[in-house]
Asker: 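Let me give you the structure first, and then I'll get to my questions.
For the single chain, residues carry numbers from 1 onward in sequence order.
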Amino acid sequence: MSAPVFIFDMDGTLVDSMPTHARSWEAFTRRHGIDMSVAEVLARTTGRNGVECIRELMGADTPEARALELIAEKEAIYRDLFASQFREVRGVSDFIRAARERGIRCGIATAGDRHNIAFTLGHLKLAQAPDAIVGGDEGLPGKPDPALFLEAARRMGAQASQCIVFEDAPFGIEAARRAGMRAVSICTTHTAAELGGAHVIAQAPDFLDLANKNFLETLHA
């Protein structure tokens with residue numbers, strides 16, 4: 001059997017950023033007079049790319065240039081808020097390091113744009129750069145479409161059957177299923193029940209818990 005390849009979502013999976021994304025959406029919607037609860041905003045946008053997010057909130061006919069301008073505004077609010085309280089999802093750096101030591105390639109597939117990716121990796125300081133990074137501003141549809149995950153696999157020369165996706169959101173878990181990939185649910189923002197599926201091989205509140213369950217050792221058994 002071919003060695004597994006790991007593909008990580010970013011927000012809520014690598015970094016504990018979703019509460020701050022909620023705060024930034026709250027500020028953005030208030031600024032633009034969008035009458036929608038933060039819970040609904042997150043349900044409709046999490047996993048989608050920036051243009052899709054804006055069109056979900058402000059209408060499908062929002063011109064792309066305007067949508068890009070607006071999502072840049074929202075993400076700038078997010079980075080300003082999160083910079084002083086940046087934190088990884090517990091245990092993720094050690095987990096990725098241990099995976100690397102076992103020869104597992106690791107990539108990132110996120111609906112976040114290049115600015116958020118650079119911000120996250122700059123603060124996260126992984127011991128080794130990801131083998132592939134696919135962002136939501138590369139022209140690919142967001143999750144639950146499988147395109148981001150399939151492109152990450154392509155860039156790492158991996159088959160979908162080799163890939164294990166780590167995700168915190170229902171759209172991401174569904175995207176992994178559509179891609180023909182196995183998934184691990186990281187339950188930072190949703191319950192295990194919300195992140196289930198026949199393709200889900202493990203569920204944990206964070207990566208320390210996953211490590212304590214000997215996930216990597218079991219995978220290589």
Asker: Give me each pair satisfying ring pair (Phe, Tyr, Trp, His ring centres under 6.0 Å) with a member in residues 153-173, each pair once, sequence neighbours excluded.
Answerer: Phe6-Phe166, Phe8-Phe166, Phe95-Phe166, Phe166-Phe207
Asker: Could you pull out all residues at least two apart from Asp94 that satisfy salt bridge (charged side-chain N to carboxylate O under 4.0 Å, His left out)?
Answerer: Arg97
Asker: Who are the salt bridge (charged side-chain N to carboxylate O under 4.0 Å, His left out) partners of Glu151, not counting sequence neighbours?
Answerer: Arg154, Arg155
Asker: Answer yes when Arg178 and Glu174 have at least one side-chain N-carboxylate O distance shorter than 4.0 Å, and no when they do not.
Answerer: yes
Asker: Answer yes or no: is there a donor N or O on one side and an acceptor on the other, between the side chain of Arg177 and the main chain of Ile173, under 3.5 Å?
Answerer: no
Asker: Quick one: which residue pairs count as a salt bridge (Lys or Arg N to Asp or Glu O under 4.0 Å) with a foot in residues 8-36, not counting sequence neighbours?
Answerer: Asp9-Lys143, Asp16-Arg87, Arg31-Glu73
Asker: Can you tell me if Glu138 uses its side chain to pair, donor with acceptor, with the backbone of Gly135 under 3.5 Å?
Answerer: yes
Asker: Using atom types as modelled, flag every donor-acceptor pair under 3.5 Å from a side chain in residues 57-65 to any protein atom, sequence neighbours excluded.
Answerer:
| from | atom 1 | to | atom 2 | distance (Å) |
| --- | --- | --- | --- | --- |
| Thr62 | OG1 | Met58 | O | 3.3 |
| Thr62 | OG1 | Gly59 | O | 2.8 |

Asker: With sequence neighbours excluded, tell me which residues meet side chain to side chain donor-acceptor pair (under 3.5 Å) with Gln85.
Answerer: Thr20
Asker: Arg105: which residues meet the salt bridge (charged side-chain N to carboxylate O under 4.0 Å, His left out) condition with it, sequence neighbours left out?
Answerer: none
Asker: Which pairs with one or both residues in residues 188-205 pass salt bridge (Lys or Arg N to Asp or Glu O under 4.0 Å), sequence neighbours excluded?
Answerer: none
Asker: State which residues pass side chain to side chain donor-acceptor pair (under 3.5 Å) with Asp206; sequence neighbours excluded, sorted by chain then number.
Answerer: Arg90
Asker: Go through the structure and list residues passing ring pair (Phe, Tyr, Trp, His ring centres under 6.0 Å) with Phe215, not counting sequence neighbours.
Answerer: none
Asker: Please tabulate, for the side chains in residues 118-128, all donor-acceptor contacts under 3.5 angstrom to protein atoms that are two or more places apart in sequence or on a different chain.
Answerer:
| from | atom 1 | to | atom 2 | distance (Å) |
| --- | --- | --- | --- | --- |
| Thr120 | OG1 | Asn116 | O | 2.8 |
| His123 | ND1 | Phe119 | O | 2.9 |
| Lys125 | NZ | Gly122 | O | 2.8 |

Asker: Quick one: list whatever passes salt bridge (charged side-chain N to carboxylate O under 4.0 Å, His left out) with Glu52, sequence neighbours left out.
Answerer: none
